[in-house]
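Below is one structure, written out as structure tokens, with a few remarks after it.
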Amino acid sequence: MDIDARTLRTFREVTLTGSFTQAARRLGYSQSSVTAQMRALERQVGEPVFERLPNGVRLTRAGTVLRDYARQILTLVGEMETALRRPAANPPRLTIGIVPALAYGQQLARVTHVGRRLLSGVQLALRIMGTAEVHDAFRAGAIDGALVLTAVDADDPADLLGDQPYAERSDDLTEIRLQEVEFVPVTGTGRRPGGHGRQVVIADPDCPSQRWLPEFLRLRCDSPPEIHELGSMAGVRAATQSGLGCAMLPTALAADHEEAGGLRSLPGVPRMRWNASLILGRHDTRPAVDRQNLTETLRQATALGRAVHPAAPAVGVLEGNALESGVLEGNALEDDVIEAGALDTGVLDGGVLGGGTTAPDPSIAS
């Protein structure tokens with residue numbers, strides 16, 4: 001039996017996700033590549049290691065045995081690669097760009113803490129940069145990867161950075177989806193009624209999570225709101241708390257009761273979700289173990305940042321491309337449903353934006 005480490009890593013990812021499709025997305029492979037690797041693995045083993053189900057796969061008896069040994073083998077392989085390739089006195093540097101919407105204090109701390117554990121022997125350097133700066137930073141060799149927000153159903157890598165000018169040149173980049181991150185519309189508790197949509201505070205004008213609210217309010221109010229660009233989520237939160245305007249904040253940031261006092265839900269505006277995605281160079285020659293450990297570092301850090309107050313309502317959460325690729329129909333804000341693409345086309349049916357409100361959210365500190 002001759003099973004290589006790459007196949008074992010793919011097998012491990014399938015066991016973690018229960019799906020060839022999800023494993024392919026996490027690893028940055030095509031689904032056909034994962035399927036081919038698993039078929040070759042089963043030929044090596046001599047019997048099926050997965051039972052195919054309508055909605056995924058599960059391990060057979062042989063698969064369970066293989067999983068336990070694969071864990072031990074991959075741990076040893078990782079330790080061997082680490083010991084062989086790097087002098088202890090001069091650890092390699094891994095520079096990661098992070099867009100402002102994901103670069104608030106707690107999130108940066110989580111990335112650092114998890115990275116110390118999973119990227120042992122690597123110097124992890126974080127750089128906050130605007131979404132529009134990511135491609136040029138790759139071209140200049142200033143970063144090795146980037147943590148960005150992308151549309152939830154952007155299957156085409158060419159769409160991974162929305163309508164940014166470098167999207168058409170994204171053949172050199174690959175996206176690995178990590179977690180869906182929820183954003184909540186908030187305003188200051190002392191802000192007077194009726195003035196919610198006239199001023200919007202944002203951190204990054206090219207980030208989909210920050211573009212969405214101004215466009216939503218423009219369509220709803222028939223005129224664009226005044227926009228204040230502050231460059232950081234800490235600044236956005238502080239400005240919103242002070243009554244400057246409204247904003248879209250990551251739910252974990254808005255629900256921080258120690259620092260997020262003075263915020264409340266913005267009436268009539270739904271929560272939204274976008275993918276936190278790792279962008280890497282398609283032809284990066286960095287050792288596979290570094291890429292995989294970096295992916296797992298950012299996945300775990302963003303997962304820890306998804307904590308939502310247990311009393312928070314589950315309704316009113318929409319996918320991050322819902323207002324970019326279709327039409328708002330019916331009373332969407334009442335039904336918490338937005339059909340494909342209103343904000344790009346500007347087509348509003350049935351008085352949608354005037355209907356429905358969102359109840360105050362207990363996950364927002366007051």
With distance as the sole test, does [X] use its side chain to make a donor-acceptor pair with the main-chain N or O of [Y] at under 3.5 Å?
X	Y	answer
Asn275	Ala151	yes
Thr7	Ile3	no
Asp204	Thr131	yes
Thr240	Thr187	no
Gln72	Tyr69	no
Thr174	Leu280	no
Arg220	Gly268	yes
Arg211	Asp206	yes
Gln44	Asp2	yes

If you define the side chain from C-beta out and look only at heavy atoms, does anything of [X] sit under 4.5 Å from [Y]?
X	Y	answer
His228	Gln199	yes
Ile128	Leu108	yes
Phe11	Gln37	no
Arg237	Leu249	yes
Phe216	Pro270	yes
Thr95	Arg127	yes
Leu27	Ile176	no
Leu230	Ile202	no

Thr15/Phe50 under side chain to side chain contact (heavy atoms under 4.5 Å, CB included): CA gap, chis, key distance, verdict:
CA-CA 9 Å; Thr15 65; Phe50 293 112; 4.1 Å; yes
Heavy-atom closest contact ([X] atom, [Y] atom, distance):
X	Y	answer
Gly281	Phe138	N-CE2, 3.9 Å
Leu213	Val200	CD2-CG1, 4.1 Å
Arg61	Glu47	NH2-OE2, 3.6 Å
Leu147	Ile96	N-CG2, 4.3 Å
Val134	Ile143	O-CD1, 3.9 Å
Ala101	Pro250	O-CG, 3.5 Å

Just do the side chain to side chain donor-acceptor pair (under 3.5 Å) check on Gln300 and Glu296 with the steps written out, would you?
CA-CA 6 Å; Gln300 290 188 23; Glu296 192 59 29; 3.2 Å; yes
Ring-ring centroid check Phe20 Tyr29, cutoff 6.0 Å:
no
CA sep, side-chain torsions, deciding dist, call: Leu66, Asp68, side chain to side chain contact (heavy atoms under 4.5 Å, CB included):
CA-CA 6 Å; Leu66 179 62; Asp68 295 339; over 6 Å; no
Any chance you could measure [X], atom [atom1], to [Y], atom [atom2], to the nearest 0.5 Å?
X	Y	atom1	atom2	result
Glu13	Arg26	CD	CZ	5.0 Å
Leu294	Asp144	CG	CG	8.5 Å
Leu298	Gln107	CG	CD	8.5 Å
Ser209	Glu182	OG	CD	12.5 Å
Leu119	Leu94	CG	CG	6.5 Å
Leu102	Cys207	CG	SG	7.0 Å

What verdict does the salt bridge (charged side-chain N to carboxylate O under 4.0 Å, His left out) test give for Arg218 and Glu215, after you've listed the backbone C-alpha separation in whole Å, the side-chain angles of each residue and the deciding distance to 0.1 Å?
CA-CA 5 Å; Arg218 180 186 70 81; Glu215 188 67 1; 2.4 Å; yes
Does this structure show an ion pair linking Glu175 with Arg25, if we count only N-O contacts that are shorter than 4.0 Å?
no
Thinking salt bridges, do Glu51 and Arg58 make one under a 4.0 Å N-O criterion?
yes
Hey, any chance Met38 and Val65 share a hydrophobic cluster, counting ILVMFWY side chains that come within less than 4.5 Å of each other, even indirectly?
no
Hey, any chance Leu76 and Leu118 share a hydrophobic cluster, counting ILVMFWY side chains that come within less than 4.5 Å of each other, even indirectly?
no
Fit a plane to each ring of Phe183 and Trp274, take the angle between them on a 0 to 90° scale, and name the class: parallel (under 30°), tilted (30 to 60°) or perpendicular (over 60°).
perpendicular
Determine whether the side chains of Ser19 and Thr17 contain a donor N or O and an acceptor N or O closer than 3.5 Å.
no
Would Gln179 and Arg299 count as having a side-chain donor-acceptor pair, cut-off 3.5 Å?
no
Start with the C-alpha distance between Ile98 and Met129, add both sets of side-chain angles, then the distance that settles side chain to side chain contact (heavy atoms under 4.5 Å, CB included), and finish with yes or no.
CA-CA 6 Å; Ile98 304 183; Met129 60 181 57; over 6 Å; no
Could you walk me through whether Val184 and Met248 pass the side chain to side chain contact (heavy atoms under 4.5 Å, CB included) test, one step at a time?
CA-CA 5 Å; Val184 59; Met248 291 292 281; over 6 Å; no
